[in-house]
Amino acid sequence: MDIILYILLFCMGTVFGSFFTLAVSRIPIGQDITHERSYCPNCNHKLSFLDMIPILSYIFLGGKCRYCKQKIRIRYLILEVFSGIVFVLFALSIKFSMYNLSVNNMAYLIFGLLYISTLFIIAGIDKEQRKIEKPVLTYGIIISIIYIAYLCIVEKANIYRYVIYLVFYVLILILDTISLKKYAKSKYINGILLMIIVIAIFTGEYVTINTIAFTSLTVAIYILLNKLKQRRNKSLKTDKQIWKDLKIGFYLSITNVLTILYVLLYNTFI
C-alpha cells in the first residue's frame, strides 16, 4: 500500500513541478496563474491536456512543442522530476504511511509540501529575474500564520517565539515598503531577510542556522569561481557585477530544502 502512496506522491510532485514553471514565468509579469490556460511561449498556442502531462508529454513530444516544433527547455523536465523526488523524500522523512495516518502526520505533510512549494517558486523566480517576489512571500507568511495557529491550538506549542518572528516580519515589510522603496538593492536584501524569517518559522533555529551557513559557503564558492574565471579569461566583469548577478534567494531555497531533507532523513533512518 505504501508503494502506491509514494507513487501517487511522486505524481503529485511532478504536477506541482509543472505548476512551478508556470508560476515562475507568469508571476514576475503579473499574469494570472490559476485561471488562464497554459500556452507555448514561442507560438502562444493554447496547450491541450495531452501537452501538459508531467514528464510523459516532454518524452513523447521529443522535447518540442507539438504546434511550432520549438525546443522545450529541459529545465521543465528536470524540475518536474526533482519535485516528485522531493515530495517522496519529505513524506519518507516524516514516516508518512498508510499504516500510521494521523491528523499530525497529515498536517505536517500538507504544511511541509506547501512550504517547499513556496521555496521552489522563490528559487525559480530569483534564478531567472534576481528578484524576491513579495506576493510569493506573502503567500509564505499566510501559510506560516495558519501553521502557527495549528501548532498553538492543536499541539499547544509556545506562541511567543512565533510572535517574535511575525513582529520582525512586519517591521522589515514596513521598512521595505516605506523607507527603502526607492533602492532596488535594499529591496532585494529585505526580501532575503523576510525569506529567512519564513524559513525560521517553518524549520526552526537549528535548520535555519545551518541553511544560512551552507548558503554562505555556496556563495563563497560562487564568488571564488567567478574570480578565477575572471582572471583566466581576463574578463572586465567587476566585483560589483559579480555581486549583482548573485542569486541569494535561489541558493537559500535550495540549501534549505536539502538541509530539511538531510536532517529529517538522518533522524529517521540513522
| Does a donor on one side chain and an acceptor on the other come within less than 3.5 Å for D126 and Y188? | yes
| Do I74 and L61 belong together in a cluster built from hydrophobic side chains that touch within less than 4.5 Å? | no
| task | Write down the atom of I148, the atom of L166, and the distance for their closest heavy-atom approach. | result | CD1-CD1, 3.9 Å
| task | Measure from the side-chain N and O atoms of T118 to the backbone N and O of L114, and report whether any donor-acceptor pair falls under 3.5 Å. | result | yes
Taking distance alone, no hydrogens or angles, what donor-acceptor pairs closer than 3.5 Å link side-chain atoms of residues 136-146 to residues at least two apart or in another chain?
residue	atom	partner	partner atom	Å
T138	OG1	K134	O	2.8
S144	OG	G140	O	2.7

| Crowded around K46 NZ? As in, over 12 foreign heavy atoms under 6.0 Å? | yes
| request: Report, as yes or no, whether the 6.0 Å neighbourhood of atom NZ on K131 holds more than 12 heavy atoms from other residues, nucleotides or ligands. | output: no
| said: Please evaluate residues I94 and F90 with respect to the criterion side-chain contact (heavy atoms from CB on, under 4.5 Å), reporting the C-alpha separation (whole Å), side-chain torsions for both, the decisive distance (0.1 Å), and the verdict. | reply: CA-CA 7 Å; I94 62 172; F90 182 76; 4.2 Å; yes
| said: If I take atom CG from residue L265 and atom CG from residue L258, how far apart are they, to the nearest 0.5 angstrom? | reply: 11.0 Å
| Which is it for T259 and T208 under the side-chain contact (heavy atoms from CB on, under 4.5 Å) test, yes or no, and what are the steps along the way? | CA-CA 9 Å; T259 304; T208 303; over 6 Å; no
| query | In the single-linkage hydrophobic clustering (I, L, V, M, F, W, Y; side-chain heavy atoms under 4.5 Å), do I110 and F16 co-cluster? | reply | yes
| message | side-chain contact (heavy atoms from CB on, under 4.5 Å) for I248 and I132? Distances and angles first, verdict last. | response | CA-CA 10 Å; I248 300 174; I132 308 297; over 6 Å; no
| Is it true that a side-chain atom of K95 and a backbone atom of L92 form a donor plus acceptor pair closer than 3.5 Å? | no
| task | Drop me the distance from I260's CD1 to I116's CD1, to the nearest 0.5 angstrom. | result | 5.5 Å
| message | Looking at every non-hydrogen atom in both residues, tell me the closest pair between F250 and A123 and how far apart they are. | response | CD1-O, 3.4 Å
| note | What one should report as the nearest heavy-atom pair of I122 and G249 is CG2-O, 4.5 Å
| Measuring from Q129:CD to I27:CD1, what's the distance to the nearest 0.5 Å? | 11.0 Å
| query | Can any side-chain N or O of T14 pair as donor or acceptor with the backbone N or O of C11 at less than 3.5 Å? | reply | yes
| field | Straight-line distance of L217 CG to I221 CD1, nearest 0.5 Å | value | 4.0 Å
| message | Let me check something: do Y206 and M195 share a hydrophobic cluster, defined by ILVMFWY side-chain heavy atoms less than 4.5 Å apart, either directly or through other members? | response | yes
| query | Among F111, Y115, Y150, Y165, which residue meets the ring pair (Phe, Tyr, Trp, His ring centres under 6.0 Å) test with F202? | reply | Y115
| request: Output, in order, the C-alpha distance, side-chain angles, deciding distance and verdict of side-chain contact (heavy atoms from CB on, under 4.5 Å) for N256 and L119. | output: CA-CA 8 Å; N256 185 237; L119 290 183; 3.2 Å; yes
| message | Could you measure the distance from the OH atom of Y108 to the OH atom of Y147? Nearest 0.5 Å is fine. | response | 5.5 Å
| request: Write down the atom of S18, the atom of E80, and the distance for their closest heavy-atom approach. | output: CB-OE2, 3.5 Å
| query | Do the side chains of L47 and F19 join up, straight or via other hydrophobic residues, at under 4.5 Å, putting them in one cluster? | reply | no
| Where do M52 and S57 come nearest, in terms of heavy atoms and distance? | N-OG, 3.5 Å
| task | Kindly write out the residues that satisfy ring-ring contact (aromatic ring centres under 6.0 Å, His included) with F82, not counting sequence neighbours, or none if the list is empty. | result | F120
| said: Just so I know, are the side chains of T211 and T203 near enough to count as touching, which here means a heavy-atom distance under 4.5 Å? | reply: no
| message | For a 4.5 angstrom cut-off between non-hydrogen side-chain atoms, does R73 reach T21? | response | no
| Beyond-backbone contact of R75 with E128, side-chain heavy atoms, under 4.5 angstrom | yes
| ILVMFWY cluster, V198 and L261 together (side-chain gap under 4.5 Å) | yes
| remark: Looking only at heavy atoms, the pair that brings F96 and L9 closest together is CD2-CD1, 4.5 Å
| said: Working to the nearest 0.5 angstrom, can you tell me the gap between K64 NZ and K69 NZ? | reply: 8.0 Å
| Taking only residues two or more places apart in sequence, or in another chain, which ones meet N105 in a side-chain hydrogen bond (donor to acceptor under 3.5 Å, both in side chains)? | none
